[in-house]
Amino acid sequence: MCGIIAYIGNQEVVPLLIGGLKKLEYRGYDSAGVCLVIDHGLKTVKEKGKVVKLEKSLVKQKLSSTIGIAHTRWATHGEPNQINSHPHLDCSSKIAIAHNGIVENYHALKELLESEGHKIVSDTDSEIIAHLVEKFYQGDLEQAVTKALELIVGSYGLVVMHQDEEKIIAARKSSPLIIGVGDGEMFIASDVPAILKHTKQVIYLQDEEIAIINKDEYSIKNLNGQPVNKKIEEIKWSVDQIEKGGYKHFMLKEIFEQPTSIANVISGRVKDNQIKITVNFDIKKVKRIIITACGTSWHSALIGKYLIEQLTEIPVEVDYASEFRYRQPVVNKEDLLIVISQSGETADTLAALREAKLKGAKTLGIVNVVGSTITREVDSGIYLHAGPEIGVASTKAFSSQVVALLILALYIRQEKKQKLDERLLKDLDNLPQTIKETLGLDADIKKMAKEFKGVTNFLYLGRGINFPVALEGALKLKEISYIHAEGYPAAEIKHGPIALIDQEMPVVFIATKNNLSEKIISNMQEVKARDGKIIAVVNEVTEEIKKLADYTIEVPEVSNKLSPIINVIPLQLLAYHIANDKGIDVDKPKNLAKSVTVE
Ligand code: G6P
């Protein structure tokens, strides 16, 4: 998704903006640009493609300034090209804006502005904002921006500057924006990594708040012009945590961080066979749970259904957030809606949460990013404490989400005065160590991956609690290697996918020990009979598995309820190595965004 960084202070702004944009690259983008105030004039430089291209062009021009705004764009309205890149200017070229979000009434506003003589040059919805501000500008940028926002229907994380005013105006609605407070300098950014090198003191803007920022001070108001008092918060992440630390890609680093991220989600919550979490409502009264999420978080939701239903006997429904929000869901006061989101900013997940709240459901968030919008709107929450996840394909957040769901299920069970399974608790306690052992498979998987880089299709099969792991394995592969992959419940292949199986089709079976192991073996035989290439994730390479599987991945045995966390690791590594062998920029796969803040 688009990223914003803006600065006002005493430092040279170009390296600072470029540095910030590079830290936002993980969000996904297809063009980038900056606008600087130089001698009471605006200088804009924009490029299609990567930030390094923009950097090269800026270095050539040797521009000097201490105020500027910058943006990485992920195209929604209009193709990725230089004209459609941000920042956008008004007709007089005195006002510049950078915008994340969507102006939903853009056609009507465009017509209005054009009828008044404004010349709109790009295909974007965002450019309209620069012209609206121009329309209302009478020597006071803050007033003009406030009036412009009154007309905008949609979402915005917005920064605006005027060549004659030494300030930047920032505004937010449904698209995250933070202010970084420095000494004689201020930053505005859509995410913490962009400014962390410079300051750890941040203010989170809330919806419909406007910030007026100059180098020494800031003030924040609501859309009615009333001042809003905001707390400065201190970011706990270190710069090191958001660097690659010797790994080739963030994704690989994050896969290898799982022993620590899992220890963090458990820490303080499971002790002496007791679960200690705080839920701000009586969870025993909940009659039904609905879990909603997108992408990888939706896969952990599916695992959560197995865990919660088996441990608590409360019925659980799982829904894509984008579907839930529009299907007029039947939700009532006795329901609990759980939203799962790494970023805490996914537009559809947030909208689903708001929909359920309107209908009176209790809400609980399982989120990684501290202070994100979802965490501010839920009744209760469980933070993952997984640390920043930068790679677009989610890995450590997924495993932490599953553990958080398990802890929640165990907590409900404990509240209902039902006994907790000691073997499960012991395995949970050992989980960071078991993950470490599983990561020891990396070298073998790397070798195995070389065999598959030319393949065009993959099938992933699992059953029970490991069916969602098959979905997640397939998603990882397609996200970063661009190989078509599908996940299926193993027994379902007879109803369609079996038609695709031949010697060209690798089929990954998640076949670790459980009550369905025998049945999975029969499914393998069906694939073998059609010459499919079998990759089996197992706990033990038995004689039978030797006969059936072309490749085996032997993972440590844990309680079935924890098996998805162990089983997903070789699948993450397999996807990573195949994509890396294909020379793909694994952390920034094409067309994808880390945080999807538009619907
Ligand atoms: C994007 C990311 C995925 C992520 C999904 C949901 O599609 O590329 O990795 O799973 O959004 O994001 P969330 O932050 O809500 O978990």
Side-chain angles (χ1 to χ4, degrees), residues 1-3 24-29 74 76 174-176 190-193 249-251 254-255 261 265 291-304 318-325 337-354 364-378 381-384 386-402 404-405 468-469 471-482 487 568 571-572 575-576 579 584-599:
M1 277 306 89
C2 309
L24 295 173
E25 284 186 301
Y26 74 92
R27 297 164 69 88
Y29 71 102
W74 189 76
T76 55
S174 303
S175 186
S190 27
D191 202 357
V192 171
H249 291 103
F250 281 111
M251 181 180 175
E254 287 155 8
I255 292 173
S261 52
V265 70
I291 318 181
T292 184
C294 304
T296 287
S297 299
W298 182 75
H299 294 156
S300 63
L302 291 174
I303 297 172
V318 177
D319 217 340
Y320 284 113
S322 54
E323 290 299 312
F324 178 85
R325 62 183 291 194
L337 181 94
I338 300 177
V339 282
I340 307 179
S341 174
Q342 187 287 128
S343 61
E345 301 291 351
T346 302
D348 283 321
T349 310
L350 189 57
L353 166 66
R354 290 177 178 161
L364 185 143
I366 295 181
V367 176
N368 191 33
V369 177
V370 175
S372 54
T373 310
I374 288 178
T375 66
R376 288 159 192 270
E377 298 197 13
V378 284
I382 301 178
Y383 274 124
L384 302 178
E389 191 179 66
I390 310 284
V392 164
S394 183
T395 52
K396 64 175 179 174
F398 172 78
S399 49
S400 293
Q401 287 164 351
V402 176
L405 284 157
V469 176
L471 293 177
E472 177 60 8
L475 178 64
K476 284 299 83 101
L477 188 71
K478 68 184 134 196
E479 277 180 315
I480 58 171
S481 74
Y482 315 147
V568 79
L571 308 190
Q572 294 170 342
Y576 171 79
I584 291 168
D585 186 352
V586 174
D587 286 331
K588 287 165 243 152
K590 67 174 187 214
N591 303 340
L592 295 182
K594 180 69 186 159
S595 174
V596 179
T597 50
V598 293
E599 67 168 295

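Remember, it's 1-based here, ligands and their atoms both numbered in the order they're listed.
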S261 side chain vs A386 backbone, donor-acceptor pair below 3.5 Å: no

Residues which pass side chain to side chain contact (heavy atoms under 4.5 Å, CB included) with R354, listed by chain and number, not counting sequence neighbours: S174, D207, L350, T373, E377

Counterpart residues, side chain to side chain contact (heavy atoms under 4.5 Å, CB included), relative to T346 (two or more places apart): C294, S341, S343, T349

Qualifying residues under ring-ring contact (aromatic ring centres under 6.0 Å, His included), relative to Y576, sequence neighbours excluded: H249

Between the protein and ligand 1, are there any N or O atom pairs that come within less than 3.5 Å of each other, and if so, what are their names and distances?
unit_1: ligand 1; atom_1: 8 (O); unit_2: A593; atom_2: O; d: 2.8
unit_1: ligand 1; atom_1: 9 (O); unit_2: V392; atom_2: O; d: 3.1
unit_1: ligand 1; atom_1: 10 (O); unit_2: T296; atom_2: N; d: 3.0
unit_1: ligand 1; atom_1: 12 (O); unit_2: T346; atom_2: OG1; d: 3.3
unit_1: ligand 1; atom_1: 14 (O); unit_2: S341; atom_2: OG; d: 3.3
unit_1: ligand 1; atom_1: 14 (O); unit_2: Q342; atom_2: N; d: 3.4
unit_1: ligand 1; atom_1: 14 (O); unit_2: S343; atom_2: N; d: 2.8
unit_1: ligand 1; atom_1: 14 (O); unit_2: S343; atom_2: OG; d: 2.6
unit_1: ligand 1; atom_1: 14 (O); unit_2: T346; atom_2: OG1; d: 3.4
unit_1: ligand 1; atom_1: 15 (O); unit_2: S341; atom_2: OG; d: 2.6
unit_1: ligand 1; atom_1: 15 (O); unit_2: T346; atom_2: OG1; d: 2.4
unit_1: ligand 1; atom_1: 16 (O); unit_2: S297; atom_2: OG; d: 2.6
unit_1: ligand 1; atom_1: 16 (O); unit_2: Q342; atom_2: N; d: 2.7

Distance-only polar pair, side chains of E472 and T296, donor-acceptor under 3.5 Å: yes

Polar side-chain atom of E389 near backbone of Q342 as donor-acceptor pair, under 3.5 Å: no

